[in-house]
Every structure is written in structure tokens, then in C-alpha cells.
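Each remark here refers to the structure printed beneath this line.
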There are 2 protein chains.
Amino acid sequence: MKGTKQKILDTAERLFADSGYTGTSMRQIIANAGVNLAAIHYHFGSKEELLDGVVARRAGPVNEERLVLLENAVAAAKGRPLTVEEVLEALLRPMVAVARQNEQFVRFMGRLFMEGLMPHIAKRHFHQVMVRFIGALREALPELPEQEFQWRVHFMMGSIAQTMCGSPEGLNLLGAACGFEERIDRLKRFLSAGFRAPGE
Amino acid sequence: MKGTKQKILDTAERLFADSGYTGTSMRQIIANAGVNLAAIHYHFGSKEELLDGVVARRAGPVNEERLVLLENAVAAAKGRPLTVEEVLEALLRPMVAVARQNEQFVRFMGRLFMEGLMPHIAKRHFHQVMVRFIGALREALPELPEQEFQWRVHFMMGSIAQTMCGSPEGLNLLGAACGFEERIDRLKRFLSAGFRAPGE
DNA sequence: GTCTATACTGAGATAGAC
DNA sequence: GTCTATCTCAGTATAGAC
């Protein structure tokens with residue numbers, strides 16, 4: 001039998017994925033999990049820390065996979081600098097596995113970013129990995145002026161979030177649904193070209 | 001003397017820009033505007049419709065300017081199809097004027113998108129203009145497969161939102177602050193190259 | 001240590017007097 | 001048109017049972 005904490009995490013993940021963070025109340029979570037309201041505060045402290053717990057459970061494996069792929073690529077390159085495509089591949093591909101296992105969760109992560117709660121959560125769980133990948137991108141683009149590079153990283157973040165959100169919402173008017181793997185391929189082509197554009 | 005409705009709109013715009021939509025309570029708004037809580041519901045119906053009103057007041061002029069610039073570019077091209085850069089210029093440049101007049105508001109609009117409330121609001125105020133611009137982009141990229149094109153529009157939306165949010169939040173770790181005009185130039189270079197990347 | 005019951009504060013919304 | 005009073009529901013905090 002699952003413990004209370006597990007039940008809360010699983011239920012919260014499902015409801016957050018369905019209705020977003022702000023769209024899910026703690027009372028909904030406890031009702032679906034069959035636990036008491038205060039149990040959330042006992043185990044997590046607050047709604048935001050519960051979110052943090054949900055993200056942490058998934059972010060760990062994804063980030064590990066990312067770093068493994070990156071190091072593999074570095075090893076395979078035998079001293080040659082990585083290409084932008086190779087770095088992006090290591091960064092984006094692991095999301096496919098998560099999406100296959102729990103597609104809703106990837107959308108949820110995209111939404112998190114969209115809901116403006118990510119700055120806080122993201123720092124805790126993705127900061128280190130992003131520093132590593134931004135460094136790798138920098139090495140792949142040594143000639144790009146620093147400011148230009150940093151803004152392109154910024155642009156990339158926006159595109160990634162938008163891609164994760166996935167289903168054609170917002171201003172994507174035409175409904176270009178496709179599998180997550182294909183989406184990543186498209187995103188890689190788009191971002192690689194953007195990063196390689198002539199600098200200022 | 002300003003009417004109640006005006007006072008509410010002005011105050012809400014300022015507070016939303018400072019603290020975001022969810023971060024601003026209606027009670028804060030009425031306290032700063034010096035009006036009664038129920039006045040908001042009388043004039044607007046709900047908090048979300050108040051937001052809609054705030055956006056509407058600014059979106060109109062921006063969208064008009066966008067369309068003017070686009071038609072000017074079409075006229076100047078004398079039958080030649082527009083380039084991607086020309087379309088993006090007409091789409092993005094008008095935001096500079098708004099930013100100069102009220103930079104906070106541009107950030108606010110980016111945040112709106114980020115907070116996931118945009119899908120609803122955006123449809124009402126930007127749908128028509130976006131259809132026009134997506135059509136123009138399509139003509140500039142006739143050889144791109146349709147699915148690929150649609151996803152690139154999607155990616156573009158994410159980058160634009162991220163750019164508007166502006167101040168280096170989220171995963172932009174290094175703090176690449178620069179003026180809005182410069183930002184637009186960088187974004188144009190990035191997006192143009194992304195759109196022109198080889199298709200699938 | 002874990003969990004339940006319950007109370008507190010502040011949010012958006014609404015009905016009805018004026 | 002405006003304002004008071006009130007409603008429901010949110011997240012949070014705490015006291016105490018087991």
C-alpha cells in the first residue's frame with residue numbers, strides 16, 4: 001500500500017498536469033488522494049513546496065540522462081568541439097522518454113514555465129544542468145558575441161517551453177499536432193539555424 | 001476628473017505590470033484607485049474581463065501599427081514577395097514604441113502569455129492580426145512543408161513571449177540586459193535564420 | 001512521527017439598498 | 001452608478017488524537 005506522501009505526489013502530479021498549478025486546489029488533491037488537508041503541509045510545508053516535490057521526482061532522471069548524453073557526445077567527438085546540433089540533441093532528446101512515459105507531465109512542465117512559477121522552481125532543479133549546457137553551447141559558438149549568445153539562449157528557452165506545452169494552444173491557430181519525437185527534431189532544426197545566424 | 005472606469009483601468013494596468021495578474025488582487029486595485037470593490041464588477045464583470053479591458057486598450061494601436069507597416073512593406077515590394085525579415089520587422093517593431101512609452105506594459109504582456117492566461121485573451125485581441133502575419137510569413141517561405149512551418153510559428157511565439165518578459169528571469173542565468181530595440185534586432189536575426197533552416 | 005479536525009485570513013463574486 | 005454586506009472557496013496554521 002502506498003504511503004500518504006506517495007499518494008499526494010502521484011495525485012498532485014496528475015491533477016497539476018490536467019489543470020495546471022493554479023488551476024488545482026489543495027482540497028482537490030486531498031479529495032482525490034483520500035488524505036487529509038494538513039497532511040500536505042506536514043509532508044511538504046506548502047503548495048509551492050509540493051509542486052517542488054513533484055518536479056524534483058521527475059527532473060532528476062531527465063537531468064541525469066541529459067548529462068550522460070552530453071558526456072557521451074563529448075567522448076565521441078574525441079577532442080573536436082561539439083556542434084550546436086549535438087548539444088541540443090543531448091538537451092532535448094531526454095524529454096522524449098519522459099513524454100512517452102507520461103506525456104501530460106511534459107506539458108505540465110511547459111505550463112509551469114508559462115505560469116511564471118518556473119523561475120523559482122527551475123533554479124533549484126535545472127540551474128546546474130543549464131549552466132553545463134549553456135557552456136557547451138558557448139563552446140560550439142565561439143565566434144558569437146556574448147550578448148547575442150545570451151539572448152539566443154533566452155529565445156531558446158521560450159521556444160522549448162512553447163514546444164513542451166505542446167498542444168496547439170495560444171496563437172498556433174492551425175493545429176499542427178505531431179508526436180513529441182518529431183517535435184524535438186523540428187525544434188532542433190529551428191534552434192540550430194537560429195544560433196548559427198550571423199551575430200550583430 | 002477621470003471617471004471610475006478610467007481610474008480602474010489605469011490602476012489595474014500599473015499594478016498588473018508591477019506584480020502580474022495573479023499577483024494583483026482586486027482589493028489592491030480598488031484601494032489604489034480609490035473606488036469600491038463592486039465597481040469593478042459593475043464596469044467589467046470579473047477580474048478576467050478587467051484584464052481583457054486593460055489589454056484591449058493597448059492592443060488596438062499596436063495591431064494597427066503592425067498592419068500599417070506590413071501593408072507599407074507590401075507596397076514597397078511592388079509585387080515581389082516579402083522576405084521573412086520584412087514580415088518580422090512589421091510584426092515586432094511596433095512593440096518598441098509601446099515599450100518606450102510604457103516598458104512595464106510590454107513585460108506585462110509577456111508575463112500574461114507566461115501565466116497561461118493569454119490563450120483566452122490573445123485570441124480576442126491578436127487572432128486576426130496573427131492570421132494576417134502568419135499568411136505573410138507563409139508566402140515568404142513557400143517551399144517549407146506545412147507542418148514544419150506551423151511548428152516554427154509556434155517556436156516563434158515562445159521566443160517572442162520570452163523576449164517581452166525581458167528582464168533576465170528564469171533560466172537566463174547571466175543577465176544580458178539591453179534595450180528593447182536592440183532586443184528586437186537580435187530576435188529578428190534569430191527567428192529569420194530559424195525560419196529559413198532546411199525543412200524536414 | 002503521522003495524521004485529523006478545525007479555525008483563520010484573504011481572494012473573487014453577488015444581491016440588494018440607495 | 002455606487003456602495004455595504006455577505007457568500008464561497010482558496011491556502012495556511014495549529015491543537016491535539018493516535
Side-chain angles (χ1 to χ4, degrees), chain A residues 1-57 108 111-122 124, chain B residues 1-57 108 111-112 114-121 124:
Chain A
M1 176 192 166
K2 279 192 294 188
T4 301
K5 193 169 178 178
Q6 274 296 318
K7 283 195 286 189
I8 293 172
L9 277 175
D10 292 342
T11 309
E13 176 174 310
R14 182 165 49 81
L15 294 181
F16 284 160
D18 286 346
S19 313
Y21 174 74
T22 47
T24 304
S25 75
M26 303 186 73
R27 284 167 173 87
Q28 277 178 279
I29 295 170
I30 58 127
N32 280 272
V35 302
N36 185 274
L37 178 58
I40 293 184
H41 286 94
Y42 175 73
H43 286 288
F44 298 95
S46 71
K47 189 185 181 187
E48 193 169 331
E49 285 171 285
L50 168 59
L51 170 63
D52 197 273
V54 170
V55 172
R57 227 181 18 158
F108 164 60
R111 262 178 97 152
L112 260 192
F113 200 92
M114 289 293 178
E115 282 178 15
L117 291 149
M118 262 323 226
H120 196 67
I121 309 282
R124 219 192 314 287
Chain B
M1 177 191 165
K2 279 193 293 188
T4 301
K5 194 168 178 179
Q6 273 296 318
K7 282 194 287 190
I8 294 171
L9 277 175
D10 292 342
T11 309
E13 177 174 310
R14 181 166 50 82
L15 294 181
F16 284 160
D18 287 344
S19 314
Y21 174 74
T22 46
T24 304
S25 76
M26 301 184 73
R27 283 167 172 88
Q28 279 178 281
I29 296 170
I30 59 130
N32 281 272
V35 302
N36 185 273
L37 177 58
I40 293 183
H41 287 97
Y42 174 75
H43 286 288
F44 297 95
S46 71
K47 190 186 181 186
E48 193 168 332
E49 285 171 287
L50 168 59
L51 171 63
D52 197 273
V54 170
V55 173
R57 228 179 19 156
F108 164 59
R111 263 179 97 153
L112 261 192
M114 289 294 178
E115 282 177 16
L117 290 148
M118 260 325 226
H120 195 67
I121 309 280
R124 219 194 313 289

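Please read all numbers here as calculations on a predicted model, not as lab measurements. Computed over heavy atoms, backbone and side chain alike; hydrogens, waters and symmetry mates excluded. So you know, we letter chains A, B, ... as the sequences are listed, proteins then strands, and number each from 1.
- Nucleotide D/dT12 holds its C1' atom 13 Å from the CD1 atom of A/Ile30, rounded to whole Å.
- One distance of note links CD of A/Glu49 with NE2 of A/His43; it measures 13.5 Å at 0.5 Å rounding.
- Counting heavy atoms from C-beta on, the side chains of B/Asn36 and B/Thr4 never come closer than 4.5 Å.
- Contact between A/Ile29 and A/Ile8 at its shortest, heavy atoms only, is CG2-O, 4.3 Å.
- Closest to the side chain of A/Met26, from the set C/dC3, D/dG11, D/dC3, is D/dG11.
- Remark on DNA chain C: of its neighbouring residues B/Gln28 and A/Lys5, the 5'-side contact belongs to A/Lys5, judged by nearest-heavy-atom nucleotide.
- Of all the residues in residues 16-24 of chain B, B/Thr24 reach under 4.0 Å from DNA chain C with at least one non-hydrogen atom.
- In the set D/dG11, D/dT2, C/dA5, the nucleotide with an atom closest to the side chain of A/Ala38 is C/dA5.
- Rounded to whole Å, atom P of D/dT2 lies 14 Å from atom CG of B/Leu37.
- Contact check on B/Lys47 versus B/Asp52 returns no salt bridge, with no Lys/Arg side-chain nitrogen under 4.0 Å from an Asp/Glu carboxylate oxygen.
- Taking both residues in full, the closest heavy atoms of A/Leu9 and A/Gly53 are given as CD2-C, 3.8 Å, listed atom of the first, atom of the second, then distance.
- The nearest pair of heavy atoms linking A/Met26 to A/Ile40 is CE-CG2, 3.1 Å.
- The stretch residues 39-53 of chain B touches DNA chain D through B/Tyr42, B/His43, each having a heavy atom within less than 4.0 Å of the strand.
- Close to D/dA10, at under 4.0 Å from its OP1 or OP2, lies a side-chain N or O of A/Ser25.
- The two residues A/Phe44 and A/Lys5 come nearest to each other via the heavy atoms CZ-CG, 3.8 Å.
- The base of C/dG10 lies outside donor-acceptor range of the side chain of B/Arg27, with no N or O pair under 3.5 Å.
- Following rounding to the nearest Å, A/Asn36 (CG) and D/dT14 (P) show an atom-to-atom distance of 16 Å.
- A donor-acceptor pair under 3.5 Å links the side-chain atoms of A/Gln28 to the main chain of A/Ser25, judged by distance alone.
- Closest heavy-atom contact between B/Val54 and B/Phe108: CG1-CE2, 4.2 Å.
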